[in-house]
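In what follows, every chain begins at residue 1, and chains take the letters A, B, ... in the order their sequences are listed. Here the structure is a predicted model, which means the values were calculated and not measured.
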Protein chains: 2
Amino acid sequence: MSSHPQLCHSDCDDCPIRHRAVCAHCDSRELEELEEIKYYRSFEAGQTVIWSGDQMSFVGSVVSGIASLTQTMEDGRTQMVGLLLPSDFVGRPGREGAPYDVVATTDLVMCCFRKKPFEELMARTPHIAHRLLEMTLDELDAAREWMLVLGRKTAREKIASLLSIIARRDASLTKRGMSGPMVFDLPLTREAMADYLGLTLETVSRQISALKKDGVIHLEGKRHVTIPDMGRLMEEAGDDTDGGFLV
Amino acid sequence: MSSHPQLCHSDCDDCPIRHRAVCAHCDSRELEELEEIKYYRSFEAGQTVIWSGDQMSFVGSVVSGIASLTQTMEDGRTQMVGLLLPSDFVGRPGREGAPYDVVATTDLVMCCFRKKPFEELMARTPHIAHRLLEMTLDELDAAREWMLVLGRKTAREKIASLLSIIARRDASLTKRGMSGPMVFDLPLTREAMADYLGLTLETVSRQISALKKDGVIHLEGKRHVTIPDMGRLMEEAGDDTDGGFLV
DNA sequence: CGAGCAGTTGATTATTGTCAAGGACCGTGG
DNA sequence: CCACGGTCCTTGACAATAATCAACTGCTCG
């Protein structure tokens, strides 16, 4: 109840994700069309944005905060299958039902477009479809990167991989670059990390303690992380550290 | 050396994947354009089609046979991140390098388009881009399904999941439907299955033996599988067996 | 026939999960 | 103010699952 939903954005020109979201290449005429079918919605941490199986009446972009896509088995085992950060797109034009639960991991603001009109606009505007294809290909790459993490990495490597991804995303968001020590707050609970990595929360906790003991990371409190040497972390993650930096 | 590469296809009208591939919705004029930039290539089982990191000069569709996308870590651990069946698309218009190795798992025929001209055609032909988006979204769904398998399922469930997917794909290809016992040949070695499932080949072998002992599957030789009760297999896979059949 | 490959099976070890107890922090209400 | 309950996290003891190492079978091909 502490956060007061802010539904007062309205101008795409001021939008923090203007240049990265699905609308990135839209001209001002197209933005006007989008403004007519868009609306903002806020969610508190923990709220479910979309239930798996539900009809979807909108598609949209994450403006601020973090959402997760999760799949759940009958017996309760759950696996996170996507982490949605600002500018990421939610929903599939041309599809009816939602295949996964979408949950607000932190407080969340979404820019929603009514689905039907958006689909029509997309049909008339090839470069929106093109941008969406581009973003979907990126998501597919990210998903495949995670398949390697899930299938072949050890618990320690999994944690290091997650930390390195969060660190890089944070760096690209705050434009602080990747030289020198990196500092950020973990946006996920231990349990959410476990669901992302296919581990138990106990194992997550143990491996974080181990990385801390070995000086790979520093912790203040439970969430505030400092990474003194990014190269070291990437070695721990089992990633290629030499050669060009991955974006 | 036993299979003699057949490079004699040329007419899209007779193409076995005509209605499912990226060209599914093309009219005859567009097909003519495609015919001009296309060529067929054959690969033997085990050959590498594209090396990770290489420049890609073509994109294309699997016509017959099976290819796999794999990622490899420096120390040799490998994870399969995609299984490409007839009609599946290879390559990413708009991107330079290949992010994964593409390997022919069986003898393979590909319908290749020269990349540049294909990209130009795509820019002029929105519905090709649209079809590609549709196929990419399907791949993304499949990848996320696998993330659940990799992250949360037991070895036995993983094997059952793989068998049920192969069985369903085979059924949709041969149009034999899913009622009654299903019969097919495994197109993968134990090692390839292990790479797909994030297991060792020994564990794959043991779990297949266990499923056979328990009557969930029958085996003739090492590759010929009969599934007497598909519902039983899907229970073993931990999948929702009630409710609508997943496509 | 022997080499080589794909697969199976056994013995043992290692990693991670499970179960259990307890600590740190936070807001609430007496 | 402090006790209470709740959530999130940590740590320990133990168990289970899958990996590793190793031997061996059966088949195919030259």
Practice prompt. Give a yes or no on whether the backbone of L199(B) and the side-chain of T203(B) come within a donor-acceptor separation of less than 3.5 Å.
Written response: no
Worksheet item: Are R232(B) and E236(B) ion-paired here, with the side-chain N under 4.0 Å from a carboxylate O?
Response: yes
Item to complete: Answer yes or no: side-chain N or O of R206(B) and base N or O of dG7(C) forming a donor-acceptor pair under 3.5 Å.
Response: no
Practice prompt. Using atom types as modelled and distance alone, determine if a side-chain donor or acceptor of K158(A) lies under 3.5 Å from a backbone N or O of L197(A).
Written response: yes
Worksheet item: Tell me: CG of L201(A) to P of dT18(C), nearest whole Å?
Response: 10 Å
Practice prompt. Tell me what T189(A) touches on the nucleic acid: a base, only sugar-phosphate, or nothing, going by heavy atoms under 4.0 Å.
Written response: sugar-phosphate
Worksheet entry | Passing option when S68(A) is tested against L84(A), V102(A), V81(A), T105(A) for side-chain contact (heavy atoms from CB on, under 4.5 Å) | T105(A)
Practice prompt. Rounded to the nearest angstrom, tell me the gap between atom CE in M193(B) and atom C1' in dG7(C).
Written response: 10 Å
Fill in: Under 3.5 Å donor-acceptor, D107(B) side chain and A45(B) backbone
yes
What pairs of nitrogen or oxygen atoms, one from the protein and one from nucleotides 12-16 of chain C, lie under 3.5 Å apart?
residue: dT16(C); atom: OP1; partner: A155(A); partner atom: N; Å: 2.8

Worksheet, complete the sentence: The reported gap from CG in L150(B) to OH in Y196(B) (rounded to nearest 0.5 angstrom) is 8.5 Å
Worksheet item: Has E202(A) got more than 12 heavy atoms of other residues, nucleotides or ligands less than 6.0 Å from its CD?
Response: yes
Worksheet entry | Protein-nucleotide distance (I208(B), atom CD1; dA6(C), atom P), rounded to Å | 15 Å
Discussion item. Parallel, tilted or perpendicular: which one describes the rings of Y39(B) and F58(B), with boundaries at 30° and 60°?
Written reply: perpendicular
Discussion item. Quick check for you: name the first and last nucleotides of DNA chain D, 5' to 3', having an atom under 4.0 Å from a heavy atom of chain A.
Written reply: dC9(D) to dA13(D)
Worksheet item: Under a 4.0 Å heavy-atom cut-off, which of residues 221-228 of chain A touch DNA chain D?
Response: K222(A), R223(A)
Item to complete: Answer yes or no: is there a donor N or O on one side and an acceptor on the other, between the side chain of R223(B) and the main chain of L186(B), under 3.5 Å?
Response: yes
Practice prompt. Measure from the side-chain N and O atoms of S205(A) to the backbone N and O of L201(A), and report whether any donor-acceptor pair falls under 3.5 Å.
Written response: no
Worksheet entry | Euclidean distance, atom CZ of residue R190(B) to atom C1' of dC5(C) [Å, nearest integer] | 14 Å
Worksheet entry | Under 3.5 Å: donor-acceptor pair, side chain of D214(B), backbone of L211(B) | no
Worksheet item: dG23(C) P sits how many Å from E202(A) CD, rounded?
Response: 17 Å
Worksheet item: Nearest-Å distance, CD (E191(B)) to C1' (dT8(C))?
Response: 15 Å
